[in-house]
Amino acid sequence: MRCISLLLLLVFLNCEEKNKKEDTQKIVYDVYKPSEMATLMNEMYDYNLAVKDSILNGYIPSHFPIDFMEIHKAEMTEGKSRNSVFNSFSEVFLKVQEDFHKTTDSTLVILNYNMMVEVCISCHQTECVGPIPRIRKLLIQ
Ligand code: HEC
């Protein structure tokens with residue numbers, strides 16, 4: 001009987017140990033997990049890089065593959081929050097994205113595309129300057 005309890009105790013301890021390990025891994029993972037906003041931004045970046053490529057190859061993209069409206073509700077990295085400046089830039093950004101996708105005049109495509117990228121940059125100048133050099137690479141010279 002005593003032997004069985006000891007065995008159970010060992011199994012129990014072992015299980016505790018394992019849970020602890022999983023917990024630590026989870027904490028580490030949470031620290032490095034990008035916010036919803038950062039994820040959305042990276043998707044927008046990749047998407048617009050592909051758009052730049054298509055334009056240079058003579059194609060005009062006509063629909064949004066990503067939900068850009070998420071910019072209004074995506075949760076941000078801790079310490080960052082939406083303020084009125086951010087909200088107005090979000091509005092302007094969605095508007096120029098939409099205008100760009102409605103462009104059918106091939107002489108205006110590059111202009112409208114660059115204008116949209118300039119809005120990415122303007123918003124970044126107000127609070128998140130880090131990615132600006134990367135975003136500039138999206139501009140079509
Ligand atoms: C309305 C303001 C605003 C607009 C417009 C905007 N951004 Fe951002 N961007 C932010 C903020 C704020 C963050 C930081 C988000 C966070 O850390 O939660 C960010 C983060 C980023 C990041 C870094 C993500 C990471 O991994 O930490 C990239 C890259 C980026 N944006 C690219 C873009 C591109 C490309 C556009 C235009 C297509 C754009 N942004 C438009 C405000 C904006």
Side-chain angles (χ1 to χ4, degrees), residues 2-141:
R2 200 200 252 163
C3 192
I4 292 177
S5 335
L6 194 66
L7 197 68
L8 282 175
L9 189 70
L10 278 177
V11 169
F12 183 68
L13 280 179
N14 187 33
C15 183
E16 275 276 88
E17 210 32 60
K18 200 166 146 227
N19 277 342
K20 252 193 218 145
K21 213 167 160 190
E22 275 169 9
D23 280 353
T24 356
Q25 277 171 350
K26 190 165 175 290
I27 291 165
V28 170
Y29 173 72
D30 280 348
V31 168
Y32 294 107
K33 197 175 154 214
S35 65
E36 287 175 13
M37 187 65 89
T39 305
L40 173 69
M41 290 287 163
N42 283 315
E43 283 173 4
M44 295 201 303
Y45 182 88
D46 292 344
Y47 166 66
N48 283 303
L49 195 62
V51 165
K52 177 181 176 180
D53 254 21
S54 334
I55 294 177
L56 294 174
N57 285 304
Y59 299 103
I60 310 174
S62 57
H63 70 282
F64 298 27
I66 312 167
D67 191 358
F68 287 91
M69 297 301 279
E70 285 290 311
I71 200 168
H72 284 309
K73 53 178 181 11
E75 154 245 319
M76 294 159 102
T77 300
E78 226 176 303
K80 290 199 193 331
S81 60
R82 288 180 178 70
N83 52 31
S84 54
V85 177
F86 180 89
N87 288 334
S88 347
F89 271 119
S90 303
E91 285 301 331
V92 177
F93 174 68
L94 291 173
K95 176 82 176 64
V96 290
Q97 267 287 349
E98 204 187 325
D99 286 350
F100 164 68
H101 282 87
K102 283 191 194 148
T103 314
T104 46
D105 183 342
S106 62
T107 58
L108 292 178
V109 171
I110 293 183
L111 193 79
N112 286 354
Y113 170 82
N114 279 341
M115 209 147 78
M116 180 271 299
V117 178
E118 290 292 352
V119 179
C120 302
I121 296 169
S122 307
C123 184
H124 276 259
Q125 266 156 356
T126 66
E127 53 185 311
C128 176
V129 292
I132 293 180
R134 224 181 121 201
I135 301 176
R136 277 197 198 289
K137 295 196 184 125
L138 291 176
L139 288 168
I140 296 177
Q141 306 299 332

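The structure presented is a predicted model; accordingly, all values stated were derived computationally and were not measured. Heavy-atom basis, side chains included; hydrogens, waters and symmetry copies ignored.
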ask   = So E70 and M37, side chain to side chain contact (heavy atoms under 4.5 Å, CB included) or not? Walk me through it.
value = CA-CA 8 Å; E70 285 290 311; M37 187 65 89; over 6 Å; no
Closest approach of I110 to I55 (non-hydrogen atoms, all atoms of both residues) = CG1-CG2, 3.8 Å
remark   = The side chain to side chain donor-acceptor pair (under 3.5 Å) partners of D67 (sequence neighbours excluded) come to none
Backbone of D53 reached by a side-chain donor or acceptor of Y59 within 3.5 Å = no
key: Euclidean distance, F100 CZ relative to L108 CG, rounded to 0.5 Å   = 11.5 Å
ask   = When rounded to the nearest 0.5 angstrom, what distance separates CD1 in I135 from CE in M41?
value = 8.0 Å
request  = Go through L139 and K52 one step at a time and tell me if the side chain to side chain contact (heavy atoms under 4.5 Å, CB included) criterion holds.
outcome  = CA-CA 8 Å; L139 288 168; K52 177 181 176 180; over 6 Å; no
ask   = If you look at every heavy atom in T104 and I60, which pair is closest and at what distance?
value = O-CD1, 4.2 Å
Donor-acceptor pairs under 3.5 Å, side chain of residues 116-126 to any protein atom, not counting sequence neighbours: which ones?
| residue | atom | partner | partner atom | Å |
| --- | --- | --- | --- | --- |
| S122 | OG | E118 | O | 2.8 |
| H124 | ND1 | C128 | O | 2.8 |
| T126 | OG1 | C123 | O | 2.6 |

request  = Apply side chain to side chain contact (heavy atoms under 4.5 Å, CB included) to the pair V96 and N112, showing each step before the final yes or no.
outcome  = CA-CA 7 Å; V96 290; N112 286 354; over 6 Å; no
inquiry  = Any side-chain to backbone donor/acceptor pair from Y113 onto N48? Under 3.5 Å, distance only.
reply    = yes
request  = Please work out which of the three classes, parallel, tilted or perpendicular, describes the rings of H101 and F68, given edges at 30° and 60°.
outcome  = tilted
task = Please name the pair of heavy atoms, one in E43 and one in I66, separated by the smallest distance, quoted to 0.1 Å.
result = O-CD1, 3.3 Å
inquiry  = Before you tell me yes or no, could you show the steps for M115 and D99 under side chain to side chain contact (heavy atoms under 4.5 Å, CB included), namely the whole-Å CA-CA distance, both residues' side-chain angles and the distance that decides it to 0.1 Å?
reply    = CA-CA 10 Å; M115 209 147 78; D99 286 350; 5.9 Å; no
message = Give me the atom names and distance for the closest heavy-atom approach of S88 to S84.
response = OG-O, 2.6 Å
message = Within this structure, what is the CG-NZ distance for the pair L40 and K73, rounded to the nearest 0.5 Å?
response = 10.0 Å
query = Say you draw a straight line from CD of E98 to CZ of F93; how long is it, rounded to the nearest 0.5 Å?
reply = 12.0 Å
inquiry  = If we ignore hydrogens and angles and just use 3.5 Å, is the side chain of T77 paired with the main-chain N or O of K80 as donor and acceptor?
reply    = no
Sidechain-backbone polar pair: E36 side chain, A74 backbone, donor-acceptor under 3.5 Å = no
